[in-house]
Amino acid sequence: MSDHHIVFIPADPHYLPAEEQVSRAKETLWQWMPEAESLDAAVSEYVQFHDCGSNFEYVRCHLCGQELTLPQWHLLMDQDYDLVRGFGLMPQTLPCCGSVTSVNQLDYSFMQGFSRFSLTAINPRTGAVSPQQAELLEQRLGHRLLVIYRHV
C-alpha cells in the first residue's frame with residue numbers, strides 16, 4: 001500500500017516557528033484533515049531535503065529553464081551535503097548555463113525543498129491544500145510555506 005503525505009516547510013530553510021505557532025498550525029490541520037493518520041512536526045539540527053517521492057518529475061535551472069539530468073542534479077546535491085552538517089545550500093556553478101546558485105533555488109516538479117522544520121500530514125485523505133488554507137497556515141506559523149505532495 002502506498003502512502004500520501006502533505007509536507008509543509010518554511011520557504012526560508014533556516015526558519016523555526018515557536019512551539020505555540022506549531023501547536024496552532026497542528027490544530028488547524030486537524031480541523032481540515034480529521035481523518036489523517038498523523039500530523040508530525042519535526043525540527044532538525046541541520047537543513048534537510050524534503051522530497052516528493054514518486055511524484056518527482058524533473059529539476060530545472062531557475063535561470064535558463066534547462067532541465068538537469070539526474071546525474072547532474074545528484075552531483076550538485078552530493079557536493080552541497082555534509083554528513084555532519086546536512087545541506088549547506090552553498091552557491092555552485094550549474095552545468096547548464098554556468099550560473100551560480102544553490103540547489104534550493106532550482107525549480108522542482110513536483111515541489112521539493114530544504115528546511116530544518118517540517119509539518120507533515122500522513123495519509124490526510126483530502127485533496128490539495130487551497131491557497132486560502134496555505135495562507136492561513138502561513139499566518140499560524142509566521143512564515144511563507146512550501147507545500148510538498150509526497151507519494152511513497
Side-chain angles (χ1 to χ4, degrees), residues 1-17 21-23 25-90 92 94-96 101-138 140-141 143-152:
M1 180 177 165
S2 61
D3 288 325
H4 298 273
H5 303 173
I6 301 177
V7 184
F8 303 90
I9 64 171
D12 175 353
H14 299 283
Y15 178 79
L16 296 175
Q21 292 172 304
V22 174
S23 293
K26 286 179 79 171
E27 288 173 12
T28 300
L29 282 180
W30 276 122
Q31 291 173 3
W32 298 339
M33 305 170 182
E35 296 181 30
E37 287 180 19
S38 68
L39 295 176
D40 302 324
V43 175
S44 171
E45 188 174 351
Y46 306 108
V47 172
Q48 302 295 313
F49 178 62
H50 301 277
D51 67 271
C52 63
S54 63
N55 286 333
F56 178 83
E57 293 178 348
Y58 61 79
V59 179
R60 287 193 177 134
C61 174
H62 71 292
L63 297 168
C64 75
Q66 176 69 40
E67 188 170 328
L68 300 178
T69 66
L70 286 179
Q72 289 172 329
W73 177 59
H74 287 161
L75 179 61
L76 291 170
M77 295 286 280
D78 288 346
Q79 290 172 339
D80 194 68
Y81 186 75
D82 180 274
L83 288 172
V84 176
R85 294 184 299 270
F87 284 94
L89 306 180
M90 302 303 291
Q92 299 183 66
L94 298 179
C96 49
T101 191
S102 82
V103 291
N104 189 45
Q105 294 172 302
L106 298 173
D107 290 331
Y108 294 93
S109 182
F110 280 36
M111 177 63 69
Q112 301 184 90
F114 299 82
S115 72
R116 291 187 53 210
F117 170 79
S118 65
L119 182 56
T120 303
I122 308 291
N123 292 320
R125 295 176 181 83
T126 186
V129 175
S130 73
Q132 295 81 9
Q133 288 173 314
E135 184 177 329
L136 181 57
L137 209 55
E138 289 174 347
R140 297 279 191 270
L141 290 169
H143 197 77
R144 188 171 72 81
L145 298 174
L146 303 178
V147 182
I148 300 168
Y149 295 95
R150 179 186 299 148
H151 182 247
V152 292

Enquirer: Let me confirm one number: the CD1-CE distance from I122 to M33, rounded to the nearest 0.5 Å.
Expert: 11.0 Å
Enquirer: Give a yes or no answer on whether the side chain of E57 reaches the backbone of S109 with a donor-acceptor pair at less than 3.5 Å.
Expert: no
Enquirer: Apply salt bridge (Lys or Arg N to Asp or Glu O under 4.0 Å) to E37 and R125, showing your working.
Expert: CA-CA 9 Å; E37 287 180 19; R125 295 176 181 83; 3.6 Å; yes
Enquirer: Is a side-chain donor-acceptor pair under 3.5 Å present for R116 with S44?
Expert: no
Enquirer: When the ring centroid of F110 is compared with that of Y149, is the distance short of 6.0 Å?
Expert: no
Enquirer: Minimum heavy-atom separation for D107 and C61, please, with both atom names.
Expert: OD2-O, 4.0 Å
Enquirer: For the atom pair NE2 (H4) and CG (N55), what is the distance rounded to the nearest 0.5 Å?
Expert: 8.0 Å
Enquirer: Verify, without hydrogens or angle tests, whether R150 (side chain) and D51 (backbone) share a donor-acceptor contact under 3.5 angstrom.
Expert: yes
Enquirer: Measure the spacing between CG of L29 and CG of L39 and express it to the nearest 0.5 Å.
Expert: 5.5 Å
Enquirer: Would you mind reporting whether L94 and T101 have side-chain heavy atoms less than 4.5 Å apart?
Expert: yes
Enquirer: Passes side chain to side chain contact (heavy atoms under 4.5 Å, CB included), F87 versus D82? Steps please.
Expert: CA-CA 6 Å; F87 284 94; D82 180 274; over 6 Å; no
Enquirer: Does any part of the side chain of R140, heavy atoms only, come nearer than 4.5 Å to the side chain of Q21, both counted from C-beta?
Expert: no
Enquirer: Quick check for you: to the nearest 0.5 Å, what is the distance between L89 atom CG and S102 atom OG?
Expert: 5.0 Å
Enquirer: Would you mind reporting whether L136 and T28 have side-chain heavy atoms less than 4.5 Å apart?
Expert: yes
Enquirer: Looking at every non-hydrogen atom in both residues, tell me the closest pair between A11 and N104 and how far apart they are.
Expert: O-ND2, 4.5 Å
Enquirer: What distance do F117 atom CZ and L145 atom CG have between them, rounded to the nearest 0.5 Å?
Expert: 8.0 Å
Enquirer: Below 4.0 angstrom, N of the basic side chain to O of the carboxylate: do E45 and R85 qualify?
Expert: no
Enquirer: Can a side-chain donor-acceptor contact be found between T69 and Q72 if the only test is distance below 3.5 angstrom?
Expert: yes
Enquirer: Go through Q112 and F56 one step at a time and tell me if the side chain to side chain contact (heavy atoms under 4.5 Å, CB included) criterion holds.
Expert: CA-CA 9 Å; Q112 301 184 90; F56 178 83; 3.1 Å; yes
Enquirer: So F49 and Y108, would you call those rings parallel, tilted or perpendicular, with 30° and 60° as cut-offs?
Expert: tilted
Enquirer: Out of V103, L146, I9, which residue meets the side-chain contact (heavy atoms from CB on, under 4.5 Å) rule with F114?
Expert: V103
Enquirer: Between L70 and V59, is a side chain to side chain contact (heavy atoms under 4.5 Å, CB included) present by the stated rule, with each step listed?
Expert: CA-CA 8 Å; L70 286 179; V59 179; 5.7 Å; no
Enquirer: Side chain to side chain contact (heavy atoms under 4.5 Å, CB included) for V47 and H14? Distances and angles first, verdict last.
Expert: CA-CA 7 Å; V47 172; H14 299 283; 3.4 Å; yes
Enquirer: Between CG of D80 and CE of M90, what distance do you get to the nearest 0.5 Å?
Expert: 8.0 Å
Enquirer: Between L68 and C96, what is the shortest heavy-atom contact and its length?
Expert: CD2-SG, 4.1 Å
Enquirer: Please give me the minimum heavy-atom distance between S2 and H151, naming the atom from each residue.
Expert: OG-NE2, 3.1 Å
Enquirer: Are side-chain heavy atoms of L141 and V22 found at a separation under 4.5 Å?
Expert: yes
Enquirer: Looking at every heavy atom in both L106 and W73, which two are closest together, and how far apart are they?
Expert: CD1-CD1, 4.0 Å
Enquirer: Determine whether I6 and T126 make a side-chain contact, defined as any pair of heavy atoms from C-beta on separated by less than 4.5 Å.
Expert: yes
Enquirer: I need the minimum non-hydrogen distance between S118 and H50, along with the two atoms involved.
Expert: CB-CE1, 3.6 Å
